[in-house]
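For reference, the structure discussed in these notes is given below.
Computed from a predicted structure; not experimentally measured. Both backbone and side-chain heavy atoms feed into the values below; hydrogens, waters and symmetry mates do not.
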Amino acid sequence: MESVEAADLCMPPLNTSCRSMSVTPEAMFIKTLLSCITLLTVTLDLLVIISISHFRQLQTPTNLILLSLAVSDLLVGLTVMPPTITMLQSCWFQDKISCALMYLSSFILTSASVGNMVLISMDRYVAICYPLRYSSMVTPSRVQICVSLCWICSVIYNIIILKDYLSQIDLFNSCYQECIVIINYISGAVDLLLTFFGPVTVIIVLYVRVFVVAVSQARVMRSQISAVKSITVTVKKSEMRAARTLGVILLVFILCLCPYYIPSPTGQDTTGSVESSVQIWLFYCNSSFNPLIYAFFYPWFRKAVKLIVSLQILQPGSREAKIMLR
């Protein structure tokens, strides 16, 4: 019996070694599926980044926030998803520094995504509720400052949250191949409030206000028939279409976060369980869903992808191409 148990260990002579995972067809299928999701995430988010960065017409305040969101999603696909897949392999060794950096980057990117979502909801709130003041209130320079502050605050905040874990990482991971993160109750409660409940509440309140105002404006505009008003209607429809699209993005974001955060206030511990893995990967898959939503709802993204794939962006003057129909 002891020899069998020893054979199951990654490092048989060591009692503190992790148990190896048997390679089954189901396990190989899961790893292949997750690898495809990772590749899709990186490819689609890279297309979003190239599209907004290359074409001048796409460099609007709203799209600058989408660019920041795409960057965080791309980094999730490059730095978080691959190590998570690799840890599913039997006896994969990861040193403590790499383990700490993986969790730190995961937490930072998560917070940055949440911050970008809040900025998106604020942008749509101003665009719909204060349309005449939007261009003066929301400028590219102000958006760049807000996005930069979002990333800086995410880095500082998560270093503080993980301070105890980073300083005592050897105590938390007793197994040589183990890579888990444990956060104390106070830090966990603060993180739950600031990363989930607080932002989600702000997003929901702002979007309820957006759609209430949009419905009332639509009723007023339908009663107007003049040519000048018809132009205004077109602009409002464009803004409302953007609000609906971003509303779908925010809804998917909330649905992906809920399974991950809901067990926390109920006191459930799902660490290491199958449910925990599903929750984490559903969270990560939000980085794949965002560009898919762009492809379905944004004509400019589909047109930009065609120009990128056909290499027409290499032609002189391609940056000035008319991507968005006004």
Do the side chains of [Y] and [X] get nearer than 4.5 Å, heavy atoms only?
X    : Y    : answer
I65  : L69  : no
M122 : L206 : yes
T41  : V76  : no
V126 : R133 : no
R319 : Q59  : yes
M117 : N290 : yes
I313 : F55  : yes
V80  : S105 : yes

**Q.** Residue pair L292 / L44: nearest heavy atoms and the distance that separates them
**A.** CD2-CD1, 3.5 Å
Q) How far apart are the closest heavy atoms of S51 and A304, and which atoms are they? A) OG-CB, 3.4 Å
Side-chain donor-acceptor contacts of residues 247-259 below 3.5 Å, not counting sequence neighbours, with atom names and distances?
none

Okay, side chain of [X], backbone of [Y]: is any donor-acceptor separation there less than 3.5 Å?
X    : Y    : answer
N158 : S154 : yes
K303 : K322 : yes
T43  : L40  : no
D73  : D45  : no
S121 : V118 : yes
D123 : L119 : no

Hey, what do you get for [atom1] ([X]) to [atom2] ([Y]), rounding to the nearest 0.5 Å?
X    : Y    : atom1 : atom2 : answer
T201 : F197 : OG1   : CZ    : 8.0 Å
E320 : H54  : CD    : NE2   : 9.0 Å
T195 : F107 : OG1   : CZ    : 8.5 Å
L307 : Q315 : CG    : CD    : 9.0 Å

Listed by chain and number, what are the ring-ring contact (aromatic ring centres under 6.0 Å, His included) partners of [X], not counting sequence neighbours?
X    : result
W300 : Y298
Y284 : W281
F289 : none

Q | For L66, the option from L58, I120, V48 that meets side-chain contact (heavy atoms from CB on, under 4.5 Å) | A | I120
Q: Pick out which of P82, C285, S287, S288 makes a side-chain contact (heavy atoms from CB on, under 4.5 Å) with T38.
A: P82
Q: Give every residue pair that meets the side chain to side chain donor-acceptor pair (under 3.5 Å) criterion with at least one member in residues 135-152, sequence neighbours excluded.
A: S68-W151, T139-S141
Q. What pairs with S72 under side chain to side chain donor-acceptor pair (under 3.5 Å), at least two apart in sequence or on another chain?
A. S113
